[in-house]
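Some notes on the structure that comes next.
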Number of protein chains: 2
Amino acid sequence: MARPREFDIEVAVEQALQVFWSRGYEGAGLIELLEAMQIARSSLYKTFGDKRSLFLAALTHYDITRVTAAVSLLRDALIPDGEHRIANLLMSIAEAIEKQGDRRGCFLCNTAVDQAPHDKEIAEQVRRMMSRMEEGFFCALVASNLKRTLDLNGEGEARLLKTARVLNTVYNGLRVMAKAGYSAGEIRTVIQAQLHQNGLENMGLVTKKI
Amino acid sequence: MARPREFDIEVAVEQALQVFWSRGYEGAGLIELLEAMQIARSSLYKTFGDKRSLFLAALTHYDITRVTAAVSLLRDALIPDGEHRIANLLMSIAEAIEKQGDRRGCFLCNTAVDQAPHDKEIAEQVRRMMSRMEEGFFCALVASNLKRTLDLNGEGEARLLKTARVLNTVYNGLRVMAKAGYSAGEIRTVIQAQLHQNGLENMGLVTKKI
DNA sequence: GTTATTAGAAACCGATTGGTCCAAAACACA
DNA sequence: TGTGTTTTGGACCAATCGGTTTCTAATAAC
């Protein structure tokens with residue numbers, strides 16, 4: 001029995017995420033955040049507490065939207081070969097540069113670099129999100145020809161877990177390169193070389209068949 | 001015919017670098033910088049112009065000290081095998097975490113992530129420094145068994161250049177992982193897997209013989 | 001020693017920072 | 001319609017931001 005909130009929290013958090021994503025935590029001013037979120041100062045503080053909590057909410061929102069989407073892509077059974085799923089994910093980095101001129105990179109990677117070292121809670125969440133990414137890569141590897149090769153050799157899933165972590169490391173490295181100004185073409189070359197080296201040979205881009 | 005400067009510019013820039021390195025550009029306040037540099041406000045502005053120029057000076061200082069040191073390691077003829085030089089450089093990331101608890105990562109990588117997208121001049125310098133790192137990896141690869149394998153196959157230096165870029169990407173990825181909280185042991189595992197995949201098999205740590 | 005020049009310490013600047021407070025408006029429920 | 005509760009916008013806050021100015025002290029050249 002009270003006045004209802006006039007804005008949608010999820011929409012507001014998504015807008016805040018956009019600002020944090022392109023400006024970073026320190027670079028994002030309250031005014032810029034409020035304009036993007038289309039809410040008043042007091043509404044922000046009443047709803048979220050403070051700037052840091054809003055950031056945490058944005059990070060969680062990134063987790064349940066973007067990270068989840070990436071993991072889904074890596075588990076997508078509609079693309080039978082895991083190497084194709086991995087190639088699709090990595091190539092999307094180059095595509096983002098090419099088509100949208102997007103050099104904001106990965107919000108998770110950005111946050112790991114500039115906030116995780118100074119904030120324990122953020123660091124923990126970043127670790128969890130990184131682990132989710134690794135799991136995604138692992139799922140794709142389970143459906144790859146690398147898995148089949150390893151099965152013949154009798155090597156276990158330990159090797160797959162290791163490769164998943166390597167791929168996630170490369171993924172983060174690529175996002176840094178994108179921010180450093182490398183072109184879409186240069187990034188694609190790195191991806192191809194990397195996939196080749198990981199024994200993921202069949203790596204042409206394959207679109208989902210529905 | 002004037003009063004001489006009381007502080008050493010290089011020392012001051014090195015101290016400023018330390019602050020920018022651990023706090024980032026926006027996170028580094030004037031007061032913190034001045035205290036670390038042990039100079040007065042007006043001296044800073046007279047000598048460097050403004051905060052951004054000081055940052056640029058710190059970035060250049062990082063280039064001519066740290067990046068140069070890394071490249072020297074990668075070209076060090078006293079370590080005959082290139083793969084050992086590469087392993088040494090990558091393993092130093094894990095060592096920094098283990099021995100100094102240093103999670104500030106690589107200042108070049110940090111700057112690429114949080115400043116390059118917003119500042120053209122910084123972006124250009126970051127690109128130049130990344131290229132220097134790649135050249136370093138290339139020099140090490142020239143002295144590696146991968147090179148010898150490729151020579152037999154008739155593959156040219158193009159492949160080596162590509163691998164150099166991949167290694168630099170991995171290097172940046174590892175620095176992100178370090179910031180994300182991965183342990184020295186976890187990072188070492190990734191490095192070993194990666195070196196293995198790059199055909200750089202002889203990868204035990206080898207100390208320089210003088 | 002005088003003079004020209006510059007370094008240095010500190011006061012000072014407006015703008016902006018993140019954050020609080022309060023009166024008024026808007027709704028749910030009776 | 002009246003009442004109670006909560007959101008809202010905007011005024012307000014001290015602190016800090018990056019940057020400037022001023023004035024004094026130091027010193028090299030003459």
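Chain letters run A, B, ... following the sequence lines, proteins first and then strands; every chain starts at 1. The figures that follow rest on heavy atoms only: side chains count, while hydrogens, waters and symmetry mates do not.
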Quiz prompt | DNA chain D: 5'-proximal contact among Arg5(A) and Ser42(B) (nearest heavy atom) | solution = Arg5(A)
Quiz item: Starting at CE of Met37(A) and ending at P of dG18(C), how long is that distance when rounded to a whole Å?
Solution: 13 Å
Practice problem: Name the nucleic acid region contacted by Phe7(A), choosing base, sugar-phosphate or nothing; use a 4.0 angstrom heavy-atom cut-off, strictly under. | Solution: sugar-phosphate
Quiz item: Taking the nucleotide of DNA chain C with the closest heavy atom to each, which residue, Asp50(A) or Gln38(B), is nearer the 5' end?
Solution: Gln38(B)
Quiz item: On a plain distance test, is the side chain of Arg41(A) in donor-acceptor contact with the base of dG9(D) below 3.5 Å?
Solution: no
Quiz item: Can the ring centroids of Tyr25(A) and Phe107(A) be said to lie less than 6.0 angstrom from one another?
Solution: no
Exercise. Using whole Å, report how far CG of Leu44(B) lies from C1' of dT20(D).
Key: 13 Å
Exercise. Provide, to the nearest angstrom, the distance between the CD1 atom belonging to Ile39(A) and the C1' atom belonging to dA25(C).
Key: 18 Å
Quiz item: Could you give the CD-to-P distance, from Glu35(B) to dT16(D), as a whole number of Å?
Solution: 12 Å
Practice problem: Grab the OH-P distance between Tyr45(B) and dT6(C) for me, whole Å please. | Solution: 21 Å
Self-check item: Residue Lys46(A), side-chain atoms from C-beta onward, closest of dG18(C), dA7(C), dT8(D)
Solution: dT8(D)
Quiz item: Between dT8(D) atom C1' and Asp8(A) atom CG, what is the distance in whole Å?
Solution: 17 Å
Self-check item: Rounded distance in Å - CG (Leu30(B)) to C1' (dA10(C))
Solution: 15 Å
Self-check item: Candidates dG19(D), dG19(C), dT8(D) - which lies nearest the side chain of Ala40(A)
Solution: dT8(D)
Quiz item: Can you tell me how far the OH atom of Tyr171(B) sits from the CG atom of Leu89(B), to the nearest 0.5 Å?
Solution: 5.0 Å
Quiz prompt | Side chain of Ile31(A) (C-beta onward), nearest among dT17(C), dT7(D), dG18(C) | solution = dT17(C)
Quiz item: Looking at Ile86(B), Asn88(B), Thr68(B), which one forms a side-chain contact (heavy atoms from CB on, under 4.5 Å) with Leu73(B)?
Solution: Asn88(B)
Quiz item: Does NZ or CZ of Arg127(B) come closer than 6.0 Å to the centre of the six-membered ring of Tyr182(A), within 45° of the ring's axis?
Solution: yes
Quiz item: Do the side-chain N and O atoms of Thr189(B) and Gln192(B) include a donor-acceptor pair separated by under 3.5 angstrom?
Solution: no
Quiz item: In whole angstroms, how far is the P atom of dT16(D) from the CG atom of Leu34(B)?
Solution: 15 Å
Quiz item: Does a nitrogen or oxygen in the side chain of Ser43(A) sit under 4.0 Å from OP1 or OP2 of dT8(D)?
Solution: yes
